[in-house]
Amino acid sequence: MRDQSIRGHVRNLEQQGELVHFTSPVDPHGNVSALSWKTYDRLGKSALFSNLEGFPGWRICAQVIADRRKWAIALGVEPDTLIPTLGERIREPVEPVAIDPAGAPVKEVVKLGGEVDLTALPAVWHSERDPGPYIASGMAIIKDPETGIRNMSIHRMQILGPDTTGFLICPRHALRIYQMYQARGEPMPVAMVIGAHPALYYAAGFTSSYGLDELTVAGALLGDPVRLVKCETIDMEVPAEAEIILEGEVAPTGMTPEGPFGEATGTYAMEGSTEIFRVKAITHRSEPMFYSMQCGIPMTDTQSITGTCIETVVTDHLRSVEGGLDLRDVRLLGISGLMAVVLKLRPRVEGQAKTALMAALSSPYLHPKLAIAVDEDIDAGDLRQVFWSLTTRVHAERDVIRIPNTRIWSLDNVSDIVPGMSPMYRIGTKTVIDATMPADSAARGRFAPAMPLNLADVDPRDFLD
């Protein structure tokens with residue numbers, strides 16, 4: 001059976017030279033966020049901390065899926081084939097299976113009732129203006145009260161006390177289910193999964209049609225059914241190899257002040273209020289590993305999870321919208337805070353690139369507001385090449401198009417809030433930039449890059465002593 005844990009992924013990262021293991025004392029409420037962010041920003045590596053001040057016996061991992069290389073290690077594929085492979089696998093959902101609790105590592109430690117203490121978890125204080133530690137890596141598993149169909153999605157939780165957190169619900173499937181419980185006047189049972197295989201985090205961030213069990217998507221990515229075990233206090237099944245499970249309920253009424261919080265945009269979400277989550281039980285593995293999903297200014301796992309999902313969905317969307325499109329790559333620029341996407345393609349006819357760009361901004365994801373098309377000779381993931389293409393192949397009058405008064409991602413603070421609505425609903429301007437060469441072969445020559453003579457035949461290593 002394939003390992004379905006985050007600790008197994010961390011071991012693989014370390015074995016392949018993608019991780020720095022810190023054994024000096026560190027403080028989850030002080031320097032862990034800065035250390036993990038700089039470890040990736042400066043070194044391109046994940047981080048593991050095994051000497052936590054105030055939290056003996058715990059470890060923290062961070063930045064474990066911040067780029068395609070780390071995703072590829074998680075899924076056992078090559079980085080260049082990651083997005084096509086994801087697109088293929090998610091078409092074949094794999095139903096999860098139940099296992100005996102005796103064989104479930106997440107049941108090695110069980111704490112109920114008065115034993116519950118969220119402040120004993122090494123939750124990290126992420127950004128400067130955050131009011132305190134957050135659990136940012138929690139995946140909520142809930143059920144439709146009428147059909148029993150599961151839904152899994154990522155929700156941030158500000159720790160408010162030993163058994164209480166905030167519980168942010170965005171206007172998507174989870175809100176739809178929560179409103180069903182509200183209509184019944186009942187609390188919504190929730191199992192929060194903290195620390196699991198990256199395939200589960202991809203599934204939790206994946207936008208799908210209502211009713212699709214995200215755990216079947218995770219199984220498809222793993223090529224193995226997700227192994228589930230029953231919760232202790234609620235009617236819910238959770239991944240048996242997760243690090244931590246928080247069992248509890250979201251009250252049907254009542255709100256709590258929450259935020260600000262350093263978000264995936266790299267800016268702060270507006271301070272406001274959220275629903276309230278009450279924890280009834282905590283189960284976890286022995287020698288537990290807390291997954292600190294790095295948040296705030298890019299580049300972090302937060303942008304990478306959503307960005308990888310967007311790349312997969314936009315790629316599939318474009319293949320269905322624009323027949324005959326010679327699409328080579330789709331890159332969501334995580335450093336843009338998820339709001340810019342680059343398409344690499346070879347236009348066959350004039351206007352085709354602009355059609356593709358408009359389609360990319362009309363996918364199931366609202367996040368991108370800027371779409372750029374580059375030609376087949378440009379690396380869509382290399383900003384130096386993308387910017388060169390913008391300066392040498394774009395005639396602004398005909399190649400830059402603005403589309404005003406369009407629905408925009410809720411976290412885009414520069415865009416206007418829809419009158420009478422919450423900040424979850426915004427309207428703004430989307431922009432497309434066609435930085436491709438003309439489709440006419442005869443005209444493409446003057447846009448060709450001036451490459452060094454005999455570049456393909458020269459390897460500098462051959463000339464070193």
Minimum-distance pair of heavy atoms, taken over all atoms of [X] and [Y]:
| X | Y | result |
| --- | --- | --- |
| G307 | L338 | N-CD2, 3.8 Å |
| R393 | D377 | NH2-OD2, 2.7 Å |
| V124 | H126 | O-CD2, 3.3 Å |
| A380 | V342 | CB-CG1, 3.8 Å |
| I169 | H155 | CA-ND1, 4.1 Å |
| C61 | V10 | CB-CG2, 3.9 Å |

Is any side-chain heavy atom of [X] closer than 4.5 Å to a side-chain heavy atom of [Y]?
| X | Y | result |
| --- | --- | --- |
| C309 | T207 | no |
| M299 | Y40 | yes |
| R7 | E243 | yes |
| I83 | R68 | yes |
| M139 | I194 | no |

Would you tell me whether [X] and [Y] have side-chain atoms, one donor and one acceptor, within less than 3.5 Å of each other?
| X | Y | result |
| --- | --- | --- |
| D301 | Y291 | yes |
| S33 | W125 | no |
| Q303 | T300 | yes |
| Q294 | T302 | no |
| Y365 | T306 | no |
| H317 | T315 | no |
| T216 | E95 | no |

Practice task
Could you tell me if the ring centre of F261 sits under 6.0 Å from that of Y268?
Solution key: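 Ring centres of Y268 and F261 not closer than 6.0 Å.
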Between the side chains of [Y] and [X], is the shortest nitrogen-to-carboxylate-oxygen separation below 4.0 Å, so that they form an ion pair?
| X | Y | answer |
| --- | --- | --- |
| R227 | E237 | no |
| R150 | E214 | no |
| E263 | R156 | yes |
| D316 | R319 | no |
| R407 | D416 | no |
| R444 | E376 | yes |
| K369 | D412 | yes |
| R69 | E18 | yes |
| K354 | D399 | yes |

Problem - Y210 atom OH, neighbour heavy-atom count above 12 within 6.0 Å - result: yes
Handout entry: Flag if over 12 foreign heavy atoms under 6.0 Å of CD, E350
Key = yes
Practice task
Would you please classify the geometry between the W71 ring and the Y202 ring as parallel, tilted or perpendicular, with 30° and 60° separating the classes?
Solution key: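 Taking W71 first and then Y202, their aromatic rings stand perpendicular (interplane angle over 60°).
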Problem - Stepwise side chain to side chain contact (heavy atoms under 4.5 Å, CB included) check, V341 with I372 - result: CA-CA 6 Å; V341 64; I372 303 167; over 6 Å; no
Problem - Heavy-atom donor-acceptor pair, T274 side chain to G166 backbone, under 3.5 Å - result: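 A pair under 3.5 Å: no.
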Practice task
Would you confirm whether Q15, through its side chain, and R11, through its main-chain N or O, come within 3.5 Å as a donor-acceptor pair?
Solution key: no
